[in-house]
There are 2 protein chains.
Amino acid sequence: MSKTPTPPPALTRRGAATRARIIETAADLIHAHGAERTSLDDVMEAGGFSKSQLYHYFSDKNALVLEVIRFQTERVLAAQDPHLGTLDSLYALRRWRDALLAINAAGGTTGCPLGSLASEVSNDFETARLDCAAGFAKWSGLLELGFARMQARGEIGPSADPHSLGIAVLSAVQGGLLLAKTARSGEPLRIALDMAIAEVARHTTTGAA
Amino acid sequence: MSKTPTPPPALTRRGAATRARIIETAADLIHAHGAERTSLDDVMEAGGFSKSQLYHYFSDKNALVLEVIRFQTERVLAAQDPHLGTLDSLYALRRWRDALLAINAAGGTTGCPLGSLASEVSNDFETARLDCAAGFAKWSGLLELGFARMQARGEIGPSADPHSLGIAVLSAVQGGLLLAKTARSGEPLRIALDMAIAEVARHTTTGAA
DNA sequence: ACCGAACTGGACTTGACAGTCCAATTCCGC
DNA sequence: GCGGAATTGGACTGTCAAGTCCAGTTCGGT
């Protein structure tokens, strides 16, 4: 579908609530099954909406998928609060690690909601790829901010590149989550996160491991 | 589709060649578009087969997808030869890294053929998940073998765990490839691989970086 | 109280897609 | 050379799925 996603007209409170519920229902199903294997009928049945409601709020299925990407980006980042937003030390980084492992264990190793979507859409759905890339950039940007704070405080040496560290850590997260999803085991994420932390620790001025 | 994949009956040379071509054609399309967005008609048109040929060699689409997973596992590992199979030093690991970056650059950052499939199938297609997990295990097992050789030669210290290092390195690869695919940039893979190498280097007995 | 816009229900259309089936062709073993 | 199994061609069926359309209901502003 090639319609540009129309900015929604002014919604009533009731309309906004319905739209939000559609997005959340779709997000859950798409995370479990993938966008292609989630039909609009599935979303209708799971959330109790009608077809007219779907097409009242979204021009087509792709428009809904784009909203799901934005929603999952916010939800995935929010789930890492307050750890991600206040990252400023190796100690805080370890707290963030522990929180991620707990989230993954509680969620049943079904993979990263944003990462799985990014993998699925990036070769064929350009607007979706850009939105996923923006989501990853936001995520690694928050990590970068934390590493920059650590550098400003002198915990990380001046030669370290907070941008690269942010990308390295996010790579470890995504790879660990993918292997965890495939193996149905928390081990890969734990190992990947420990590598990521060791990478950051390598740049600390005390060389603490 | 719930039919168990029937082991193929004895094939003539011609039949075996056709079957292999179907698998390779399907593998290329599935890598570009994903399994769900690749129809059997797409495979037929791309490879010049008929529907009867597809169903002569494969009980259903899922059986074909399983063969594609096995094919991609072998092809992805073979593409890293000789580097992956002869890994026995930090120097060799760096040669492997360079080869992976070159492969990714040449392939156009379309993601890992095995990783993308693993992400797509792992929540809903159990046999496929197991085959992808086996593929990842084979890959990390080869890395582990290399790290075990390095440990046996004394290049890596006795407290290092080659198994964990194998998983850590593969996590970096998969995460780097996913971010590279999403960003359409080689940077994330390069950064992720350098983190992985630093992680292995951290365990070397000379502490060389 | 009424009107109109927003919201909701659900029947329907069209095309895609996996899979089935009938039949023709090819080729290898005897 | 022939027979039969393997291979190939392609029409067809049934179901799924995105999207359209008509109409009823709700609710807020006037």
Side-chain angles (χ1 to χ4, degrees), chain A residues 1-23 25-26 29-30 32-68 120-121 124-125 127-128, chain B residues 1-26 29-30 33-68 120-121 124-125 127-128:
Chain A
M1 306 92 167
S2 57
K3 288 175 185 170
T4 61
T6 53
L11 295 177
T12 63
R13 182 191 299 268
R14 180 177 167 204
T18 300
R19 186 176 191 275
R21 284 192 294 109
I22 292 172
I23 293 170
T25 302
L29 289 170
I30 288 174
H33 307 294
E36 280 301 306
R37 287 180 55 87
T38 299
S39 69
L40 296 177
D41 280 356
D42 291 336
V43 179
M44 284 162 52
E45 284 162 34
F49 316 113
S50 72
K51 204 42 102 43
S52 297
Q53 285 177 286
L54 291 181
Y55 284 89
H56 180 73
Y57 296 111
F58 306 97
S59 54
D60 56 20
K61 184 182 178 184
N62 275 1
L64 176 57
V65 168
L66 290 176
E67 287 298 333
V68 163
E120 184 180 358
V121 303
D124 278 331
F125 185 174
T127 317
Chain B
M1 305 90 167
S2 59
K3 287 175 186 169
T4 61
T6 52
L11 295 177
T12 62
R13 182 191 299 268
R14 182 175 165 206
T18 300
R19 186 175 191 275
R21 282 193 295 107
I22 291 173
I23 293 170
E24 181 161 4
T25 302
L29 289 170
I30 286 174
H33 307 294
E36 279 300 307
R37 288 181 55 89
T38 299
S39 68
L40 296 177
D41 280 355
D42 291 336
V43 179
M44 283 162 54
E45 284 161 33
F49 316 111
S50 70
K51 199 50 92 49
S52 295
Q53 286 177 286
L54 292 181
Y55 284 90
H56 179 73
Y57 296 110
F58 306 97
S59 55
D60 56 19
K61 185 181 177 184
N62 276 1
L64 177 56
V65 168
L66 290 176
E67 287 299 334
V68 164
E120 184 179 0
V121 304
D124 279 331
F125 186 174
T127 317

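Proteins come first, then strands; the chains are lettered A, B, ... in the order of their sequence lines, and each starts at number 1.
- Not one side-chain nitrogen or oxygen of B:Y55 sits closer than 4.0 Å to the OP1 or OP2 atom of C:dC21.
- Between B:L54 atom CG and D:dT8 atom P there is a gap of 11 Å when expressed in whole angstrom units.
- Looking at A:Q53, its side chain does come within 3.5 Å of a backbone N or O of A:S50 through a donor-acceptor pair.
- At whole-Å resolution of the value, CZ in B:R14 and C1' in D:dT8 are 7 Å apart.
- With the nearest nucleotide of DNA chain C identified for both A:G48 and B:T12, A:G48 has the one nearer the 5' end.
- The A:K61 side chain lies nearest to D:dG19 when the options are D:dG19, D:dG10, D:dT7.
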Discussion item. Go through it in stages, so that I can follow the logic: the residues are B:F125 and B:L66, the test is side-chain contact (heavy atoms from CB on, under 4.5 Å), and I'd like the CA-CA distance, side-chain angles, deciding distance and then a yes or no.
Written reply: CA-CA 10 Å; B:F125 186 174; B:L66 290 176; 3.9 Å; yes
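- Residue A:Q53 places no side-chain N or O under 4.0 Å from the OP1 or OP2 atom of C:dC7.
- Atom CG of B:L64 is separated from atom P of C:dC17 by 15 Å (rounded to the nearest Å).
- Between B:K51 and B:A16, the one whose closest nucleotide on DNA chain D sits nearer the 5' end is B:A16.
- The shortest distance between the side-chain N/O atoms of B:T18 and the OP1/OP2 oxygens of D:dT8 is below 4.0 Å.
- Taking both residues in full, the closest heavy atoms of A:L11 and A:A16 are given as CD1-CA, 3.8 Å, listed atom of the first, atom of the second, then distance.
- In this structure, A:I30 and A:A35 approach most closely via the heavy-atom pair CG2-N, 3.8 Å.
- When rounded to the nearest whole Å, the span between CE of A:M44 and C1' of D:dT20 equals 13 Å.
- At D:dT8, one or more side-chain N or O atoms of B:Y57 fall inside 4.0 Å of OP1 or OP2 (strictly under the cut-off).
- Minimum heavy-atom separation, A:F58 to A:I22: CE1-CG2, 3.5 Å.
- The shortest heavy-atom contact between A:A46 and A:L29 is CB-CD1, 3.8 Å.
- Here the P atom of nucleotide D:dT20 and the CZ atom of A:F58 are 15 Å apart, to the nearest Å.
- Separating the CZ atom of B:R13 from the C1' atom of D:dT8 is a distance of 20 Å, rounded to the nearest angstrom.
- The distance between atom NE2 of A:H56 and atom P of D:dA23, rounded to the nearest whole Å, is 19 Å.
- Of the residues in residues 34-42 of chain B, not one comes within less than 4.0 Å of DNA chain D through any heavy atom.
- The nearest whole Å value for the distance from the CG atom in A:L11 to the C1' atom in C:dT8 is 14 Å.
- Across all non-hydrogen atoms, the minimal contact from B:K61 to B:T38 is NZ-O, 2.8 Å.
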